[in-house]
Amino acid sequence: MLGLALAACGSGRPRGEDGGAIGQVDAGPPPPRWTPAARADALAAGEAVITKHQCTRCHELDGRPGAGRPYDCVSCHVFLTSLTPTDPRYQKIAANNGQDVLDRYIRNIAHLRQVPSLTAIGRRLRPAWIAEFLQHPLDLRPALDDAMLRNTVTPDDARALARYFAAVADVPADGEPGSALTPAPTPDPDRVARGRAVFEQRGCPACHVVGNERFAGQTAASLAQNPLAPDLRFARARLGPETMVAWIMDPPAVWPAATMPKLGVSRADAELIRDYLAAPVALPPAPPVEPLLAMPPAATHRVSWDEVKERVLGKVCVHCHMNDHEKDVGPGNLGGLGYAGRGLAMRTYEMLVRGARGPDGKRYSVLQRQPGEAWPRILEVMVRRRVENLRDHVTPLADHDRPAYPAGALGMPMGLPTMTDEEIGLLRRWIEDGCPGPTRVTGRPGFTDGFLVPDGPIKPNRGCQLRAPAAKPPRWSTRPLEPAPATPP
Ligand code: HEC
Ligand code: HEC
Ligand code: HEC
Ligand code: HEC
């Protein structure tokens, strides 16, 4: 299976086709060739980690088959948002599901559409940097709204992945001679200044930022048009000095998947730019955390379940917290992306009040405060995301030092920009009003639910505490409902 997957990928090309030196991460002694056995080992070990963490749900990776529907976040989003009314596939889906529904999908999908390809990335990125990044990811592309996930990759997993990427690209892996993160040589200030001037003249700032440095020819629009261009303040750690020069001269020769065009930069100019990019970039300190932790005010109007679902939980959260019978588009419910899953579903009221499973396997209400916390858990995690965003989400020219991720529970929505004050305020008000449910569930007037999937109705509405749905699963359910908690409160 591995051999098959690799036969389709760029790494299968005969070496030397695009210049033998390209495979070298750094200038220096030539890398030891991967023996076939060592390579096969590294590929198999890396493949196991890739499978465990489902990296192909988002990334293109060495010609591996994508995760497939309904697992593949990016390909489905790209597919849907690329449909136009003249496309027969658009017409077919519109006929089956309603044109208004399809148009809403296309309008609403904003994230996980553009994600960097990982195919043969060892040709561009140092394995040692990859291993470090996987354990401590941070926003690399300020014009891209999405971030690499905070994940459960262990140091061993990270090493296995770094070796995998090195083996695919046939460059030395972490720990082998010539591959370590060599300290950047102290650049000559005169060359740094000249490199900066060339960088500006050649139009590089149209696509790239370098920390918060200001350049002529850079506009918010030009940056937004090229969201996959990394902040080049990271380039000194990501690329070896020789790779950097080769890249600036001819990106597709270094990395077949390159989208950066060849700009006809001479070697002398490329070396000047490399020296400019080798200089460290000064950044302001991170903003203080306390204001980020303040809970936004509750909405001033009475908020219905419909509104909460439509504007908050159903807008973003449900996509990882689907109901049980919706199979596997639910890393936060049934598990995925390397997480075991916490059994938290949000599509319907009945499933939301079933709560989440703690590390001990016991269920707790996410609509109530947990010991030691100031707010119901679901609000806590949304506010925590704002602190994570100090690492995960900077905007162009507003970068700052990146503090470590806060310890403790993951912020939500995982990997995505934080919800707005207004959205959090809606959920807060709904919880403060006692989590009023839809009429069909509660028997109370005033709330309707336009999209009720009967996972099992709960008759009385008793506020926000933990409740179990009825034991009877819907007809089409692919799995039995969990047994009810022993003593529902
Ligand atoms: C939910 C989607 C998602 C999943 C799953 C995911 N990533 Fe990512 N990854 C991203 C996004 C988005 C970025 C771009 C982040 C940025 O540039 O700031 C990224 C960036 C990266 C980068 C940096 C690449 C570059 O060119 O800068 C590496 C390496 C990476 N991911 C590896 C992995 C690996 C290995 C896995 C599996 C363990 C994985 N990712 C799983 C979304 C994902
Ligand atoms: C089968 C296709 C499909 C797959 C697979 C899929 N999505 Fe979506 N996604 C959609 C559709 C359709 C919408 C818009 C739904 C709506 O507006 O009612 C959407 C919307 C979203 C949104 C809210 C809009 C936005 O862009 O912020 C998020 C977040 C999201 N999906 C995340 C994910 C994640 C994470 C995965 C993988 C774990 C995933 N999706 C897999 C089809 C898919
Ligand atoms: C049209 C947009 C565009 C322009 C102009 C551009 N780049 Fe890029 N550059 C990219 C993209 C996109 C990437 C990410 C890799 C890819 O997709 O090719 C990239 C990657 C890089 C990298 C690798 C960085 C990393 O961290 O992976 C370097 C170095 C780089 N560019 C330098 C330059 C220099 C120097 C110039 C000017 C001579 C320049 N770029 C002009 C779009 C651009
Ligand atoms: C990209 C996928 C994804 C999105 C989007 C997402 N979640 Fe999660 N969520 C997860 C995963 C995975 C877990 C399990 C994390 C773990 O095991 O630590 C989780 C767990 C949770 C938990 C239980 C955590 C705890 O500590 O009690 C809550 C509550 C939660 N999510 C709320 C939300 C809310 C609210 C949103 C929308 C604002 C959201 N999630 C969006 C993936 C996601």
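Whatever order the structure lists them in is the order used to number ligands and atoms, beginning at 1. Predicted, not measured: the structure shown is a model, and the values here were computed from it.
Nearest to atom 1 (C) of ligand 1 among the protein's heavy atoms is C58 SG, 2.6 Å. With hydrogens left out, the protein atom closest to atom 23 (C) of ligand 1 is F133 CE2, 3.7 Å, a heavy atom. The protein atom (non-hydrogen) at minimum distance from atom 13 (C) of ligand 3 is P230 CD, 3.6 Å. Nearest non-hydrogen protein atom to atom 21 (C) of ligand 3 is W247 NE1, 3.1 Å. With respect to atom 33 (C) of ligand 3, the closest heavy atom belonging to the protein is M260 CE, 3.3 Å. Scanning the protein heavy atoms around atom 32 (C) of ligand 3, the nearest turns out to be L232 CD1, 3.7 Å. Atom 37 (C) of ligand 3 has its closest protein heavy atom at C204 SG, 1.8 Å. At the shortest separation from atom 11 (C) of ligand 3 among protein heavy atoms lies A229 CA, 3.7 Å.
Residue R238 has at least one heavy-atom neighbour below 4.0 Å for each of these atoms of ligand 1: 25 (C), 26 (O), 27 (O). Against a heavy-atom cut-off of under 4.0 Å, L337 is close to the following atoms of ligand 1: 5 (C). Within ligand 2, the atoms closer than 4.0 Å to a non-hydrogen atom of L416 are 29 (C), numbered from 1 in the order shown. With ligand atoms numbered from 1 in the order given, ligand 3 contributes 37 (C), 38 (C), 41 (C) to contacts under 4.0 Å with heavy atoms of L263. Those atoms of ligand 1 with a heavy atom of L134 less than 4.0 angstrom away are 32 (C), 33 (C), 34 (C), 35 (C). Near A110, meaning under 4.0 Å from one of its heavy atoms, ligand 2 places the atoms 25 (C), 26 (O). Counting atoms of ligand 2 from 1 in the listed order, those under 4.0 Å from a heavy atom of R104 are 16 (C), 17 (O), 18 (O). Residue-ligand proximity, D139 to ligand 1, at heavy-atom distances under 4.0 Å covers atoms 18 (O). Listed by atom number, the atoms of ligand 3 under 4.0 Å from N226 heavy atoms are 1 (C), 2 (C). Below 4.0 Å from some heavy atom of L228 lie the following atoms of ligand 3, by number and element: 12 (C), 14 (C). Listed by number with element, the atoms of ligand 1 under 4.0 angstrom from any heavy atom of D146 are 12 (C). Residue-ligand proximity, M244 to ligand 3, at heavy-atom distances under 4.0 Å covers atoms 29 (C). Listed by atom number, the atoms of ligand 3 under 4.0 Å from A258 heavy atoms are 18 (O). Atoms of ligand 2 found under 4.0 Å from any heavy atom of C320, numbered from 1 in the order shown, are 35 (C).
At least one N/O-N/O distance between N108 and ligand 2 falls below 3.5 Å. Between R57 and ligand 2, no N or O atom pair is found at a separation short of 3.5 Å. Residue H111 has at least one N or O atom closer than 3.5 Å to an N or O atom of ligand 2.
A salt bridge is defined here as a Lys NZ or Arg NE, NH1 or NH2 lying under 4.0 Å from an Asp or Glu carboxylate O, and D190 with R194 meets this definition. Here E388 does not pair with R384 in a salt bridge; the nearest charged N to carboxylate O distance is not below 4.0 Å. R267 and E271 are joined by a salt bridge, as a carboxylate oxygen and a charged side-chain nitrogen come within less than 4.0 angstrom of each other. Note on R233 versus D231: salt bridge recorded, some NZ/NE/NH1/NH2 to OD/OE distance being below 4.0 Å. Using a cutoff of 4.0 Å between basic side-chain nitrogens and carboxylate oxygens, K309 and D306 are not scored as salt-bridged.
The proximity of R141 to ligand 1, defined as any non-hydrogen pair under 4.0 Å, involves the side chain as well as the backbone. Within the 4.0 Å heavy-atom criterion, the part of L149 lying near ligand 1 is the side chain and not the backbone. At a heavy-atom distance under 4.0 Å, only side-chain atoms of L118, from C-beta outward, approach ligand 1. By the criterion of a heavy-atom distance under 4.0 Å, the side chain of L112, and not its backbone, is placed next to ligand 2. Contacts with ligand 1 closer than 4.0 Å are made by no heavy atom of C73, backbone or side chain. Proximity of C55 to ligand 1, defined as any heavy-atom pair under 4.0 Å, is shared by backbone and side chain alike. With a heavy-atom cut-off of 4.0 Å, P413 does not touch ligand 2 at all.
Between W305 and W430, the angle of the ring planes lies from 30° to 60°, which puts this pair in the tilted group. Between Y276 and F199, the ring planes lie tilted relative to each other; the angle falls in the 30° to 60° range.
Of the candidates Q114, R202, H208, the one placing a heavy atom closest to atom 43 (C) of ligand 3 is H208. Among L277, T259, L239, V265, the residue whose heavy atom lies closest to atom 12 (C) of ligand 3 is T259. In this comparison of M148, H53, R124, the heavy atom closest to atom 41 (C) of ligand 1 sits on M148.
E60 CD: 12 or fewer foreign heavy atoms inside a 6.0 Å radius.
For the residue pair S304/E307, the side-chain donor-acceptor check at 3.5 Å is not satisfied. In this model, no donor atom of one side chain and acceptor atom of the other lie less than 3.5 Å apart for N97 and Y105. A donor atom on one side chain and an acceptor atom on the other are not found under 3.5 Å apart for T56 and D72. No side-chain donor-acceptor contact under 3.5 Å links D41 and Y164.
Considering every non-hydrogen atom in both V78 and R113, the closest pair reads CG2-O, 3.3 Å. Considering all non-hydrogen atoms of both residues, Q135 and A131 come closest at NE2-O, 3.0 Å.
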(Q) For H111 and D145: C-alpha separation, side-chain torsions, deciding distance, then whether side-chain hydrogen bond (donor to acceptor under 3.5 Å, both in side chains) applies. (A) CA-CA 7 Å; H111 295 108; D145 238 10; 3.1 Å; yes
(Q) Pair T420, E423 - check side-chain hydrogen bond (donor to acceptor under 3.5 Å, both in side chains), show working. (A) CA-CA 5 Å; T420 63; E423 289 161 344; 3.3 Å; yes
(Q) Quick one, Y405 with D392, criterion side-chain hydrogen bond (donor to acceptor under 3.5 Å, both in side chains). Give me CA distance, side-chain angles, the key distance, then yes/no. (A) CA-CA 9 Å; Y405 280 118; D392 267 358; 2.5 Å; yes
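At a cut-off of 2.8 Å, C207 is not counted among the residues with an N, O or S atom near atom 8 (Fe) of ligand 3. For atom 8 (Fe) of ligand 1, the N/O/S atoms of H59 include one lying under 2.8 Å.
Between R107 and ligand 2 there is no heavy-atom distance shorter than 4.0 Å.
A cation-pi arrangement is absent between R123 and W255 under the rule of less than 6.0 angstrom and at most 45 degrees off the ring axis. Cation-pi geometry between R39 and W34 is not met: the NZ or CZ atom fails to fall both under 6.0 Å from the ring centre and inside 45° of the normal. In this structure, R57 is not positioned above the aromatic face of Y71 in the sense of NZ or CZ being under 6.0 Å from the six-membered ring centre and within 45° of the axis.
When distances from atom 8 (Fe) of ligand 2 to the N, O or S atoms of H77 are compared, NE2 comes out shortest.
Using a 4.5 Å cut-off on side-chain heavy atoms (C-beta onward), F215 and V209 make no contact.
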